[in-house]
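Quick notes on the structure that follows.
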Amino acid sequence: MPSLKDLKNRIGSVKNTRKITKAMQMVAAAKLRRAQEAAEAARPFAERMTAVMSALAAGVGTGEGAPKLLAGNGKDQVHLLVVMTSERGLCGGFNSSIVKLARLRANELVAAGKTVKILTVGKKGREQLKRDWSSAFVGHVDLGEVKRVGYANAQGIAREVMAAFEAGEADVVTIFYNRFQSVISQVPTAQQVIPAKFEATASTALYDYEPSEEAILADLLPRGVATQIFTALLENGASEQGARMSAMDNATRNAGDMINKLTIQYNRSRQAAITKELIEIISGAEAL
Amino acid sequence: MASTVQFDLVSPERRLASYPATEVQIPGAQGDLTAMEGHTPTITSLRPGLLKVVSADGVKAYVVTGGFAEISATGVSVLAEQAVPLDEMTPAQMDALVADACEAAAVNADKDTADKAVADLYAMRAQAGI
């Protein structure tokens with residue numbers, strides 16, 4: 001049975017914890033709003049880009065002479081998995097869910113006799129994957145110093161990925177990130193970026209192309225990769241803050257429950273002590 | 001009142017402008033072109049240059065560094081990799097752009113294209129008078 005003083009200290013420390021988690025939740029809420037705005041603002045570009053590219057891709061086709069980024073290099077041996085996670089922890093199952101998906105995919109690929117390479121973005125995922133897959137690591141992108149993810153960051157990652165593809169070090173590139181659905185739900189998603197995959201769309205308007213369709217497509221595909229990565233980074237950023245917000249909300253609530261329980265225990269022990277003293281006094285008086 | 005087209009300028013990070021314009025002068029990869037209402041639907045890639053938009057409020061110019069433009073009979077959307085309004089452009093930013101392009105030209109395997117980008121930038125700089 002802890003003493004009254006112990007209980008009091010315990011309550012005090014849980015209260016402090018609650019203050020911290022509450023503050024973190026509010027910070028995450030503010031950051032989430034910003035991240036969502038950024039994701040929202042980036043959407044028109046990504047949508048147009050995809051629309052134009054899928055129209056072009058449908059026109060050019062994946063036959064002979066099609067750009068490699070679209071048609072692939074004809075092989076399916078080396079898979080590069082780009083695993084995007086956060087730089088900071090305390091965000092619930094955010095990182096674990098991405099890593100779980102990536103690990104699942106990696107195991108499948110290895111079982112199918114493929115070679116797996118992993119590029120990690122964000123150090124949390126790297127830490128989690130280090131135990132089983134450190135031999136597959138080919139690189140790491142550290143966004144710890146980056147306050148606000150910009151297109152330039154995405155371009156950097158895209159350049160690295162495309163260099164690997166062009167050098168024949170990777171045949172298929174897939175990115176893993178959390179798609180933001182709501183504060184309480186983020187969906188871990190795997191998306192293949194090279195060779196590019198488009199949903200077949202019925203292009204409505206017939207366009208003139210200047211220069212030729214092929215030239216524009218070749219020019220656009222690298223940008224498309226960067227755009228996809230950028231979108232993923234933004235979604236991931238919003239998801240991270242959302243996950244952190246709900247994790248911290250839970251923590252705050254748990255701390256509240258714990259404080260209530262401890263307070264009850266504290267009151268009971270205090271009452272017990274008072275009762276004990278009374279009994280002692282009364283029995284002392286009766287004994288006279 | 002002249003007829004207008006809906007002009008949109010988007011960069012990967014945000015939508016920079018969206019308003020009706022009477023004409024849009026686009027620095028296309030194969031030469032400048034001006035889009036007005038009823039233009040044939042066209043998709044063109046951009047070279048680094050000045051994008052000029054004529055609207056009821058006057059002429060606005062933007063510095064763009066590449067990307068593409070989608071022209072239809074009723075609208076022009078420019079998807080630019082980087083776009084800065086000309087009046088917000090500082091010589092320092094311009095220098096940074098040129099330096100980036102030079103750096104890219106130094107490592108790029110496709111020497112002609114990269115050199116052309118640098119040349120385009122210098123041409124734009126002269127045109128913009130920065």
Side-chain angles (χ1 to χ4, degrees), chain A residues 34-35 37-56 59 148-155 158-159 162-163 166-167 203-234 237, chain B residues 6-18 26-35 38-48 64-84 93 96-97 100 103-104 107-110 112-114 116-117:
Chain A
R34 240 184 299 150
E37 271 165 17
E40 201 85 1
R43 205 156 292 155
F45 186 88
E47 272 169 9
R48 292 274 168 79
M49 193 84 176
T50 320
V52 170
M53 285 210 297
S54 45
L56 277 167
R148 233 185 131 139
V149 182
Y151 189 62
N153 303 120
Q155 273 180 318
R159 256 199 296 273
M162 282 186 288
E166 262 151 39
S203 57
T204 44
L206 275 174
Y207 284 102
D208 280 351
Y209 293 98
E210 206 186 292
S212 64
E213 276 187 352
E214 288 81 4
I216 294 192
L217 190 60
D219 182 40
L220 283 192
L221 278 166
R223 287 169 213 253
V225 173
T227 310
Q228 274 178 319
I229 291 177
F230 184 54
T231 312
L233 281 177
L234 289 175
Chain B
Q6 178 62 33
F7 166 73
D8 289 304
L9 176 63
V10 265
S11 78
E13 280 159 36
R14 64 203 172 97
R15 189 189 294 265
L16 287 161
S18 175
I26 300 165
Q30 294 193 325
D32 288 3
L33 64 152
T34 299
H39 197 284
T40 309
T42 306
I43 289 178
T44 175
S45 44
L46 304 179
R47 63 178 158 77
V64 293
T65 58
F68 68 99
E70 188 186 354
I71 305 165
S72 69
T74 55
V76 176
S77 1
V78 178
L79 278 76
E81 200 128 88
Q82 276 177 41
V84 184
Q93 269 176 304
L97 280 182
D100 278 354
E103 204 177 299
V107 294
N108 204 321
D110 193 354
D112 289 349
T113 322
K116 181 163 181 332

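Computed from heavy atoms alone, side chains included, the values below leave out hydrogens, waters and symmetry copies. Naming convention: chains lettered A, B, ... in sequence-line order (proteins, then strands); numbering from 1 in each chain. Nothing here was measured: the structure is a model prediction, and the numbers come from that model.
Interatomic distance, A/Glu47 CD to B/Leu79 CG, rounded to the nearest 0.5 Å: 11.0 Å. One distance of note links CG of B/Leu16 with CZ of A/Phe45; it measures 10.5 Å at 0.5 Å rounding.
If you measure heavy-atom distances from B/Ser45 to chain A, the contacts under 4.5 Å come from both the backbone and the side chain. The parts of B/Glu13 that come within reach of chain A are both its backbone and its side chain, each placing non-hydrogen atoms under 4.5 angstrom from that chain. Neither the backbone nor the side chain of A/Glu37 comes within less than 4.5 Å of any heavy atom of chain B.
For the set B/Gly31, B/Gly28, B/Ala29, B/Gly67, the entry with the most heavy-atom pairs within less than 4.5 Å of chain A is B/Gly67. Note on B/Gln30, B/Arg15, B/Gln82, B/Arg14: by heavy-atom pairs under 4.5 Å with chain A, the leading option is B/Gln30. Top candidate by heavy-atom pairs under 4.5 Å with chain B, chosen from A/Ala154, A/Ala39, A/Ala46, A/Ala42, is A/Ala42. For chain A, the option among B/Leu33, B/Val10, B/Thr42 with the highest count of heavy-atom pairs below 4.5 Å is B/Thr42.
Annotation: side chain of B/Glu81 is in contact with side chain of A/Tyr151 (closest heavy-atom distance under 4.5 Å). Put simply, the side chain of B/Phe68 reaches to within 4.5 Å of the side chain of A/Met49, judged on heavy atoms.
Below 4.5 Å, heavy atoms of chain B meet heavy atoms from A/Asp219, A/Leu220, A/Arg223, A/Phe230, all part of residues 218-230 of chain A.
Every ring-ring contact (aromatic ring centres under 6.0 Å, His included) that B/Phe7 has, sequence neighbours left out, goes to B/Tyr19. By the side chain to side chain contact (heavy atoms under 4.5 Å, CB included) test, A/Arg159 is found to be paired with no residue, residues two or more places apart in sequence or in another chain being considered. Applying the salt bridge (charged side-chain N to carboxylate O under 4.0 Å, His left out) rule to A/Asp208 yields no partners; only residues at least two apart in sequence or on another chain are considered.
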